[in-house]
Amino acid sequence: MMTSGLWCGTTVRHMIETKKTFCRICHAACPMELDVEDGTQIVAVRGDRSDPLFQGYTCIKGRQLADQYHDPARLRGPLRRQPGGTFAPVTSTEALDEIAARIAAIVAEHGPRSVASYTGTGAYQNSVGVPVATAWHRGFDSPSMYTSLTIDQPAHRTSLARLGAWEAGWHNFTDADVSMAVGYNPLVSSYAAAGGLQGTNPLIKLRQAKARGLKLIVIDPRRSELATYADVWLQVAPGEDPTLLAAITNEILRRTMHDAEFCAAFVEPGQLDALGESVAPFTVDYAAERCRVAAPDIVAAAELFAAGPRGSAGSGTGPNMAPHGSLMESLVLTLNVICGRVNREGDTLESPYMLTPGDTRRAQVIAPSDPTPGAAHRVRGLRGLPGEMMTNALNDEILLEGDGQVRALIVSGGNPVQAFPDQAKTIEAMQDLDLLVVIDHRMTATAELADFVIAPSGQLERADVPNVMDRRFPQPYTNYTDAVMNSSDDVLNEWQVFAGIAARNGTTIDLPGGRLDVDDPTVTDHDVIDLCFGGARLPLSEWRKPENRGTIHADRIRVVAADPDATGRFAVAPADVVAELAQVRNESVGQELLPGFDPAAFPFRLVGRRLKYALNSLGSELPGLAKVASTNYAYVHPDDLAQLDAAPGDLLRLTSPSSSITGVAEADPDIKRGVVAMSHSWGGLALTDEKVRDIGTPTNRLVASAEGTDRVTGLPVMSAIPIAVERIDEINPS
């Protein structure tokens, strides 16, 4: 399309080209159309209405792609810290030369384990970010690979390993009769557990599901956007999800509403009885009083879920971060097992799994296994997941002296200062490192502490596949994007940083499709994607074809019969689950995990809240999002605000057993009384909140990283945090 205008009496013609891509601000991968003027200026952004799955759906964050790309504050090249603490530009070659030399020296003195990397939420949206970082670590025998998974929802993986998994997966959402959502809200987060409502035009998909008869159970202390559509909404007291789920399980087993035939075939002998005995003390009346929900609603939820016959339960970030997160996740998954909510022989899977091998899945159990078989930590008796370590212990691994101490850290697309448990300890750890490298497009609080800040290729400047959603899309859908913009800035794709270090230090990066030639300057994003997903059932050469971009395929994964010699069975009541259920029953509230907890001193509970206009620490720097809100409000029930003698806009001091933050009050009649909800990962580097109205405050300051930790994952209590709340007139920086 050609446009024209007048300049000094001369007609100036501009060429506008529409380019297709998909958004990578979050995992949802919403297809987008960009109008680009003269190849350099994005003049319009909109959802791609021609896409058969999303049908033009986008969120407010994705519609800011132009502002993000053209942001004057965006980093356009690497920076090196100067002796006085300021930063000066360097070339990417100079930066990688020095970074690689310093890493080599650290490895020589302290060993491979001393070099760590952390892949945050931002880099997770780069399809090659995690695979390349993982392979880079393997190339020099460093186990110190960390990601945001283990401060978000680590129990999703550990609990499935401990329980056992069904190779063909839980029931599909698209033909579910019932769905149970425990602490997640895909109408805002655009993400759900396996078998749940996904972020592909979620409101329309939910309305369609309700129209065909879907029954929805939502467990959430707030009447979330999803909860407004619930047939049963259980407004649970924060931190009491395990108690509530145990009561639902008890009600199903006590009344023999479970799938007895499936359990007889696929649950380890004696385990169902052991589970029943363990949950028997969690009666409906006991749970109703402790969870502060109505007893008839608990019964209704149990009956509705057990009736099915199709549909599954899943959980989100909030209850994973709350007390007894692993137990909560185990109970959610166990509900699916005892009710037989698995895809059987002859079924097909809704999700594409186009990036993984195989066109079939067997109707059989993957036997239970060690939930944490990874490298041993030096603290708290923790072990890592396969291929990565527990991020909640990284600060300790940096600060604890001795063999194996982490001395160098590469942070890719993350912001530990605002995300890791215990803000003060995180700052101390970052400052203690011999080398801190941050790969980010902006000067985050963590970048301010770095020795080098590497400017990455923006999402529009790199090729990608929707790798996260490949196992979540509700239809066998594929998409692929080329780089649609080229700024000519000195920016590097994340893989180029790791490959550049490997080339200089003589280490390898071996990926599923073969070895990355780190010495070849002609290697492209496309080549690296091919190597990362070398076993894809739809070859990447096919993904790139125009007819497979934004396409729904007929080729669904089929569920076939189990192997004749398959012996795997679910472990629904392993010894540690039984012991933790007894521990929960002996507690008055889950927060008793925290040493020194006094319910009278800390009567409120702080929970997380997803926002439409921000993703963790990303958003407030963009004009279109900042005008919605420049702070992470403290949402409080109006009656609680009145009791605090506070009004919306007032400042509130929130104090946990560990520390205090200041929040800006906002009324929310949909939240449970006694609960405060705030989005996490806001604020800055300061440990005080003078700028709370401008940049928000980091809720991680309220968390002690080694207190109230989960039995399996080591995650501290990061949601359902006990707090005291008071209105304040001004902030005292002391």
Side-chain angles (χ1 to χ4, degrees), residues 220-222 234-244 247 281-282 285-294 318-319 321-325 327-328 421-422 424 580 582-609 634-647 650-663 665-669 671-678 689 697 699-710 716-729 731-732 734:
D220 200 307
R222 171 178 167 261
L234 296 165
Q235 195 177 25
V236 64
E240 296 305 328
D241 302 271
T243 296
L244 180 58
F282 294 88
D285 289 340
Y286 170 78
E289 181 178 358
R290 180 166 167 176
C291 301
R292 294 163 49 207
V293 297
M321 288 180 165
H324 302 289
L327 177 63
M328 178 282 308
D422 196 331
E580 194 166 5
Q583 178 187 359
V584 171
R585 186 60 177 83
N586 287 330
E587 296 168 346
S588 299
V589 292
Q591 287 73 18
E592 289 179 13
L593 274 176
L594 292 165
F597 167 66
D598 180 352
F602 303 102
F604 283 81
R605 302 289 179 265
L606 179 69
V607 300
R609 177 169 176 160
Y635 291 93
V636 187
H637 193 280
D639 292 344
D640 285 332
L641 274 182
Q643 200 168 60
L644 293 165
D645 193 25
D650 286 349
L651 295 182
L652 301 176
R653 177 180 289 122
L654 284 58
T655 302
S656 75
S658 300
S659 189
S660 296
I661 61 172
T662 302
E666 184 60 88
D668 183 358
I671 200 164
K672 194 176 189 71
R673 289 210 60 185
V675 179
V676 180
M678 295 183 73
D689 295 319
T697 184
T699 58
N700 66 330
R701 190 187 305 154
L702 298 175
V703 179
S705 63
E707 294 183 357
T709 55
D710 186 85
V717 174
M718 296 178 67
S719 186
I721 302 168
I723 57 170
V725 183
E726 61 178 328
R727 182 182 64 81
I728 60 173
D729 294 322
I731 300 174
N732 184 353
S734 63

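Heavy atoms only: backbone and side chains are in, while hydrogens, waters and symmetry mates are out. This structure is a prediction, so every number in the text was calculated from the model and none was measured.
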- Message: Side chains of Pro722 and Leu594, heavy atoms from C-beta outward: is any pair under 4.5 Å?
- Response: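 Of all side-chain heavy-atom pairs linking Leu594 with Pro722, at least one is under 4.5 Å.
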
- Are the side chains of Pro242 and Met328 in touch, meaning some heavy atoms are under 4.5 Å apart?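 Pro242 reaches Met328 side chain to side chain.
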
Can you measure from [atom1] ([X]) to [atom2] ([Y]) and round to the nearest 0.5 angstrom?
X: Asp710; Y: Glu580; atom1: CG; atom2: CD; answer: 6.0 Å
X: Lys672; Y: Arg605; atom1: NZ; atom2: CZ; answer: 12.0 Å
X: Asp220; Y: Ile671; atom1: CG; atom2: CD1; answer: 8.5 Å

Might you point out which heavy atoms bring [X] and [Y] nearest each other, and give the distance in Å?
X: Leu641; Y: Ala665; answer: CD2-CB, 3.9 Å
X: Pro595; Y: Gly708; answer: CD-N, 4.3 Å
X: Gly663; Y: Met678; answer: CA-CE, 4.3 Å
X: Gly239; Y: Ala720; answer: N-CB, 3.5 Å
X: Phe602; Y: Phe597; answer: O-CE1, 4.2 Å
X: Gly590; Y: Pro323; answer: O-CB, 3.5 Å

- Item | Test log, rule side-chain contact (heavy atoms from CB on, under 4.5 Å), inputs Leu702 and Ser658 | CA-CA 6 Å; Leu702 298 175; Ser658 300; 6.0 Å; no

Between the side chain of [X] and the main-chain N/O of [Y], is any donor-acceptor distance below 3.5 Å?
X: Arg701; Y: Ala424; answer: no
X: Gln235; Y: Pro221; answer: yes
X: Asp422; Y: Ala704; answer: no

- Task: Not counting sequence neighbours, which residues clear side chain to side chain contact (heavy atoms under 4.5 Å, CB included) with Val293? List them please.
- Result: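 Side chain to side chain contact (heavy atoms under 4.5 Å, CB included) list for Val293, sorted by chain: Leu244, Cys291, Ile298.
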
- Item | Sole candidate of Asp668, Val725, Leu652 that passes side chain to side chain contact (heavy atoms under 4.5 Å, CB included) when paired with Val636 | Leu652

- Among Ile661, Thr662, Thr697, Thr699, which one satisfies side chain to side chain contact (heavy atoms under 4.5 Å, CB included) with Leu654?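 Testing each of Ile661, Thr662, Thr697, Thr699 against Leu654, the sole residue satisfying side chain to side chain contact (heavy atoms under 4.5 Å, CB included) is Ile661.
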
- Task: Output all residues satisfying salt bridge (Lys or Arg N to Asp or Glu O under 4.0 Å) with Arg727, sequence neighbours left out; order by chain, then residue number.
- Result: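 With neighbours one apart ignored, the set is Asp645, Asp729.
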
- Message: Applying side-chain contact (heavy atoms from CB on, under 4.5 Å) to Val589 and Glu240, what does each step give before you reach the verdict?
- Response: CA-CA 7 Å; Val589 292; Glu240 296 305 328; 3.6 Å; yes

- Query: Can Arg222 and Val675 be said to form a side-chain contact (heavy atoms from CB on, under 4.5 Å), step by step?
  - Reply: CA-CA 9 Å; Arg222 171 178 167 261; Val675 179; over 6 Å; no

- Item | Stepwise side-chain contact (heavy atoms from CB on, under 4.5 Å) check, Tyr286 with Thr243 | CA-CA 9 Å; Tyr286 170 78; Thr243 296; 4.0 Å; yes

- Message: For residues 583-603, which residue pairs pass the salt bridge (charged side-chain N to carboxylate O under 4.0 Å, His left out) check, not counting sequence neighbours?
- Response: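 The answer is Arg290-Glu587.
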
- Message: How about CD on Glu726, more than 12 heavy atoms from neighbouring residues, nucleotides or ligands closer than 6.0 Å, or not?
- Response: yes

